[in-house]
Amino acid sequence: MAHRLRPVGIDFVETAPVRLVFAREVAAPPDAVFSALAEDVAGWSEWFSAVTAARPTGDGAGREIRLRGGTRFDETVLVAKSPETYAYRVDVTNAPGIRALVEEWRLTPVGGGTRVQWTFAADGAAVFRGVLRLARPGLGRAFKDAVTALDRRLAG
């Protein structure tokens, strides 16, 4: 059963009760990484293994995401500032216990490549917050694997 989440802004990335931050450097330049994140939404399923389907909605103002296991997200893009920041808020999901969720991707030039930082900012029921904290290592591995696959995709 889908439920509507609390509509939060980009500032939630700094104030959320649970903030998981991961970073990794890749060889691809920031503009290429940004393009893959913000402009090739349908391509996410090619490099982020948890994503089974992704499509832009509302002429790019939103996204519809499907994950392994059947989780669905309807999202609003909060920031699309090329080539630095891409962030979105989950508006509707079928995942239980979530009250608010924003994901932010920050891209910083490093040499000829990019430092990719992903912040997963969330609020929810106490059980959800606890599970999310326990899931940190798994989310970190998923991020590392996804960004590595994205870098390979951009190099090819």
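Only heavy atoms go into these numbers, but all of them, side chains included; no hydrogens, no water, no symmetry mates.
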Exercise for review: Could you check if a side-chain atom of Tyr86 sits within less than 4.5 angstrom of a side-chain atom of Val79, using non-hydrogen atoms only?
Suggested key: no

Review point. Do the side chains of Leu101 and Phe12 get nearer than 4.5 Å, heavy atoms only?
Key: no

Exercise for review: Look at atom CZ of Arg141 and say whether more than 12 heavy atoms of other residues, nucleotides or ligands are closer to it than 6.0 Å.
Suggested key: no

Review point. Under a 4.0 Å N-O cut-off, is there an ion pair linking Asp123 with Arg19?
Key: no

Point to revise | Charged N-O contact under 4.0 Å between Arg55 and Glu64 | key: yes

**Study point:** From CZ (Phe120) to CG (Leu20), nearest 0.5 Å
**Key:** 7.0 Å

Exercise for review: Would you check if the side chain of Asp151 reaches a backbone N or O of Val26 as a donor-acceptor pair within less than 3.5 Å?
Suggested key: no

Point to revise | Asp74 side chain near Thr57 side chain, heavy-atom distance below 4.5 Å | key: no

Revision key, fill the gap. Between Ala2 and Val92 the two heavy atoms that sit nearest each other are CB-CG1, 3.7 Å

Review point. Does Thr93 use its side chain to pair, donor to acceptor, with the backbone of Ala95 at less than 3.5 Å?
Key: yes

Review point. For atom CZ of Arg106, is the number of surrounding heavy atoms from other residues, nucleotides or ligands below 6.0 Å larger than 12?
Key: no

Point to revise | Geometric cation-pi criterion, Arg136 with Phe22: 6.0 Å, 45° | key: yes

Practice item. Find the distance between CG (Asn94) and CZ (Arg66) and round it off to the nearest 0.5 Å. Key: 8.0 Å

Point to revise | Within-4.5 Å side-chain heavy-atom neighbours: Ser45 and Thr52 | key: no

Review point. Thinking salt bridges, do Asp91 and Arg89 make one under a 4.0 Å N-O criterion?
Key: yes

Side-chain donor-acceptor pairs under 3.5 Å in residues 31-38, sequence neighbours left out?
unit_1: Ser35; atom_1: OG; unit_2: Glu39; atom_2: OE1; d: 3.0

Review point. Between atom OG1 of Thr76 and atom CG of Leu78, what is the distance when rounded to the nearest 0.5 Å?
Key: 7.0 Å

Practice item. For the pair Thr85 (side chain) and Lys81 (backbone), establish whether a donor and an acceptor sit closer than 3.5 Å, ignoring hydrogens and angles. Key: no

Check your understanding: How close do Arg99 and Ala125 get, heavy atom to heavy atom, and via which atoms?
Key -> NH2-CA, 3.6 Å

Check your understanding: Are the side chains of Val18 and Arg133 in touch, meaning some heavy atoms are under 4.5 Å apart?
Key -> yes

Practice item. Is it possible for you to check whether Arg24 lies under 6.0 Å from the centre of the six-membered ring of Phe143, through NZ or CZ, and within 45° of that ring's axis? Key: no

Practice item. Mind checking the CZ-OG1 spacing from Arg153 to Thr148? Nearest 0.5 Å is all I need. Key: 15.0 Å

Check your understanding: Residues in ring-ring contact (aromatic ring centres under 6.0 Å, His included) with Trp44, at least two apart?
Key -> Trp47, Trp105

